[in-house]
There are 2 protein chains.
Amino acid sequence: MKKTFFKKVAIVGVGLIGGSLALDMKRLGPAGHVVGIGRSRENLRIAESRKIVDSWTTDPARGAEGCSLVVVAVPVKSVARVVDSIMPVLDKGTIVTDVGSVKEKIIEEVEPLLKDGVSFVPAHPIAGTEHSGAGAALTGLFKDKKCIITPTPATNQEALNTIRELWQEVGSQVVIMDAKLHDIILAGVSHLPHVIAYSLVNTIASMEEKKGQTLLEFSAGGFRDFTRIASSSPEMWADICSMNRTAILDAIEEFQRTLEELKESIARDELSAIKRAFERAKKIRDAHIADG
Amino acid sequence: MKKTFFKKVAIVGVGLIGGSLALDMKRLGPAGHVVGIGRSRENLRIAESRKIVDSWTTDPARGAEGCSLVVVAVPVKSVARVVDSIMPVLDKGTIVTDVGSVKEKIIEEVEPLLKDGVSFVPAHPIAGTEHSGAGAALTGLFKDKKCIITPTPATNQEALNTIRELWQEVGSQVVIMDAKLHDIILAGVSHLPHVIAYSLVNTIASMEEKKGQTLLEFSAGGFRDFTRIASSSPEMWADICSMNRTAILDAIEEFQRTLEELKESIARDELSAIKRAFERAKKIRDAHIADG
């Protein structure tokens with residue numbers, strides 16, 4: 001099989017995801033020269049010193065010129081703005097792809113901006129940590145992880161195949177899915193947990209204020225693990241909440257109903273109902289999630 | 001300083017906490033002979049083969065006879081029942097202590113059961129994992145962890161000092177605190193997170209049922225960490241919800257208000273309010289919790 005190869009690739013947003021993809025594309029073959037594009041010179045200098053990028057610029061249009069692949073790895077609310085700013089310089093045959101955690105709204109914003117001969121392939125690698133920036137980029141981040149690609153009727157089939165091969169070459173298992181379904185699934189398993197983790201830490205902070213008493217110093221390992229995702233980038237996650245609003249609100253409401261039901265069982269001291277709810281959760285989690 | 005030493009110690013409930021304490025008491029000096037007491041012969045045999053206990057019995061009264069220290073490490077709703085069953089055989093001067101995550105209600109139930117000359121010291125080591133049983137016991141589990149002791153006006157001062165020394169000898173930092181305050185703090189940093197984690201997993205399960213679509217296979221590391229505590233013992237946690245009902249209901253309601261406020265910001269697409277809430281949480285978490 002001929003391997004995917006891009007002579008010159010632009011990565012817009014050399015953070016955890018963009019930076020990790022650049023590292024693996026250079027390490028595993030799919031990329032020749034990688035241009036890093038971003039707003040922070042400091043972050044781009046880190047990317048250069050870590051050999052994540054071969055060159056860099058803060059000017060998206062200059063950086064994207066002559067690239068056959070542009071990976072837009074910026075917060076989801078900025079994807080369309082970036083695509084708009086680089087479109088004039090892109091050659092025919094160029095593929096633009098993204099890595100955003102929201103797909104329907106990005107597609108809605110980006111597809112009208114495409115000029116003839118330029119393809120957009122919406123993608124989302126399910127990988128990450130709570131850290132951000134080029135300093136957090138890791139080789140092998142996508143190995144054995146899922147990458148969801150959400151083509152639309154407008155998606156060029158050849159470009160879709162190329163992006164699928166790219167993610168397979170960095171070790172991911174590619175799943176093709178409808179954008180709307182992607183957004184509902186991710187609202188449940190990723191966006192809702194972030195909303196809850198942030199809210200839990202803020203709840204503890206409010207309790208501390210009301211009681212005039214430190215609580216966090218009495219937290220243990222469970223709390224540390226539980227709230228790790230509350231250390232994620234606020235800008236990135238505020239954007240996701242805005243761009244996947246409907247699905248996230250549905251997920252929050254489903255969670256509110258579940259929690260309210262459990263609260264009522266606790267209020268009525270219905271020990272067997274409480275235990276049954278906990279047993280159901282433990283059984284599902286133990287069956288589906290292997291602890292690393 | 002004369003080291004604390006108990007010639008014969010009974011551990012009722014040789015699980016994660018009871019078993020780990022037994023291991024460290026034998027390893028570090030405070031215990032001569034350790035008798036394991038429990039309901040499951042299989043668990044007690046594991047405890048014996050791992051040299052956590054020197055002997056074992058399923059009969060609490062027989063096991064506690066002749067012991068100068070009895071550590072009751074059973075689910076919080078069973079502490080008083082255990083204390084009641086062993087009381088007749090205890091010698092004058094014997095200390096009974098517990099390790100429960102709820103203090104006020106245990107004290108209320110246990111103190112009336114004490115006979116003359118037997119002391120009860122309510123204690124709670126802030127340590128643990130989501131695993132349970134003698135197989136999960138670890139040496140050094142309490143090292144550099146906090147142990148909260150919540151004496152009452154009825155607590156014997158000498159017994160309190162002895163239990164304080166015991167926890168210090170296994171490496172814990174002892175904090176003396178009012179039982180009511182303990183219960184409020186733990187409701188926030190431990191009980192509420194468990195209630196939420198169980199509810200989140202059940203929410204995902206409900207979403208899966210409604211959509212007829214698997215969601216959990218698209219979860220990543222964040223979700224795994226976030227829901228780890230949902231693999232904790234349902235029996236133990238149902239008991240805690242019952243025994244610390246008032247403080248847990250208060251904590252759930254504080255959380256519900258915080259989440260509802262965030263939900264409303266998301267519904268109105270107030271990006272800066274959402275970001276502000278996330279920034280507050282990230283700042284607090286990053287400042288107070290070091291990732292291991």
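Heavy-atom basis, side chains included; hydrogens, waters and symmetry copies ignored. Letters A, B, ... are given to chains in the order of the sequence lines, protein chains preceding strands, and every chain is numbered from 1.
For the atom pair CZ (B/Phe223) and CZ (A/Arg285), the distance works out to 8.0 Å, reported to the nearest 0.5 Å. For the atom pair CD1 of B/Ile196 and OG1 of A/Thr258, the computed distance is 12.5 Å after rounding to the nearest 0.5 Å. Atoms OG1 and NZ, on A/Thr227 and B/Lys282 in that order, are 11.5 Å from each other to the nearest 0.5 Å. In this structure, the separation between OH on A/Tyr198 and CD on B/Glu279 is 9.5 Å, given to the nearest 0.5 Å.
The heavy-atom pair separating B/Val189 from A/Leu215 by the smallest distance is CG1-O, 3.4 Å. Heavy-atom minimum distance, A/Ala267 versus B/Leu249: CA-CD1, 3.8 Å. What you find for B/Ala281 and A/Val201 is that their closest heavy atoms are O-CG1, 3.5 Å.
Among the candidates B/His194, B/Glu208, B/Gln256, the residue making the largest number of heavy-atom pairs closer than 4.5 Å to chain A is B/Gln256. Interface remark: of the candidates B/Gly188, B/Pro193, B/Ser272, B/Pro193 forms the most heavy-atom pairs closer than 4.5 Å to chain A. Ranked by heavy-atom pairs under 4.5 Å with chain A, the list B/Ile126, B/Asp269, B/Ile274 is led by B/Asp269. Of the listed residues B/Ser242, B/Ala273, B/Ala220, the one with more heavy-atom pairs under 4.5 angstrom with chain A than any other is B/Ser242. If you tally non-hydrogen atom pairs under 4.5 Å between each of B/Thr203, B/Leu271, B/Ile204 and chain A, the highest count goes to B/Thr203. Chosen from B/Arg276, B/Lys263, B/Glu270, B/Met207, the residue pairing most often with chain A at heavy-atom distances under 4.5 Å is B/Lys263.
If you measure heavy-atom distances from B/Ile184 to chain A, the contacts under 4.5 Å come from both the backbone and the side chain. Both the backbone and the side chain of A/Asp239 come within contact range of chain B, with heavy atoms under 4.5 Å apart. With a threshold of 4.5 angstrom between heavy atoms, A/Ser265 does not approach chain B through any atom at all. Using a 4.5 Å cut-off between heavy atoms, A/Arg257 touches chain B through its side chain atoms alone. A/Leu216 touches chain B through backbone and side chain together, each having a heavy atom under 4.5 Å away. Heavy-atom distances place the side chain of B/Ile229, and not its backbone, under 4.5 Å from chain A. Both the backbone and the side chain of B/Leu259 come within less than 4.5 Å of a heavy atom in chain A. Neither the backbone nor the side chain of A/Ser190 comes within contact range of chain B; no heavy atom of the residue lies under 4.5 Å from a heavy atom of that chain. For B/Leu262, the part sitting under 4.5 Å from any heavy atom of chain A is the side chain, from C-beta outward, and nothing else. Only the side chain of A/Gln213 has a heavy atom closer than 4.5 Å to any heavy atom of chain B. If you measure heavy-atom distances from A/Thr246 to chain B, you find no contacts under 4.5 Å at all. Contact annotation for A/Ile185: both backbone and side-chain heavy atoms come within less than 4.5 Å of a heavy atom of chain B.
You'll find the side chain of A/Ile252 reaches within 4.5 Å of the side chain of B/Ile266, heavy atoms only.
Annotation: A/Glu264, atom CD; neighbour count of heavy atoms from other residues, nucleotides and ligands within 6.0 Å is above 12.
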Item to check | Intermediate values then yes/no, side chain to side chain contact (heavy atoms under 4.5 Å, CB included), A/Ile284 and B/Asn202 | outcome: CA-CA 8 Å; A/Ile284 293 164; B/Asn202 284 335; 4.3 Å; yes
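Under the 30°/60° scheme for interplanar angles, the aromatic rings of B/Phe255 and A/Phe255 are found to stand perpendicular.
Using a 4.0 Å cut-off between charged side-chain N and carboxylate O, A/Lys210 and B/Glu253 make no salt bridge. One finds no salt bridge joining B/Glu254 and A/Lys211 here, because no Lys/Arg side-chain nitrogen approaches an Asp/Glu carboxylate oxygen to under 4.0 Å.
The stretch residues 170-181 of chain B places B/Val175, B/Met177, B/Leu181 near chain A, each with some heavy atom under 4.5 Å from a heavy atom of that chain.
Residue B/Phe278 is tested with A/Cys241, A/Ser232, A/Ser233, A/Ser199 for a side chain to side chain contact (heavy atoms under 4.5 Å, CB included); the sole match is A/Cys241.
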Which side-chain N or O atoms in residues 140-147 of chain A pair as donor and acceptor under 3.5 Å with protein atoms at least two apart or in another chain?
{"from": "A/Lys145", "atom 1": "NZ", "to": "A/Leu141", "atom 2": "O", "distance (Å)": "3.3"}
{"from": "A/Lys146", "atom 1": "NZ", "to": "B/Glu217", "atom 2": "O", "distance (Å)": "3.4"}

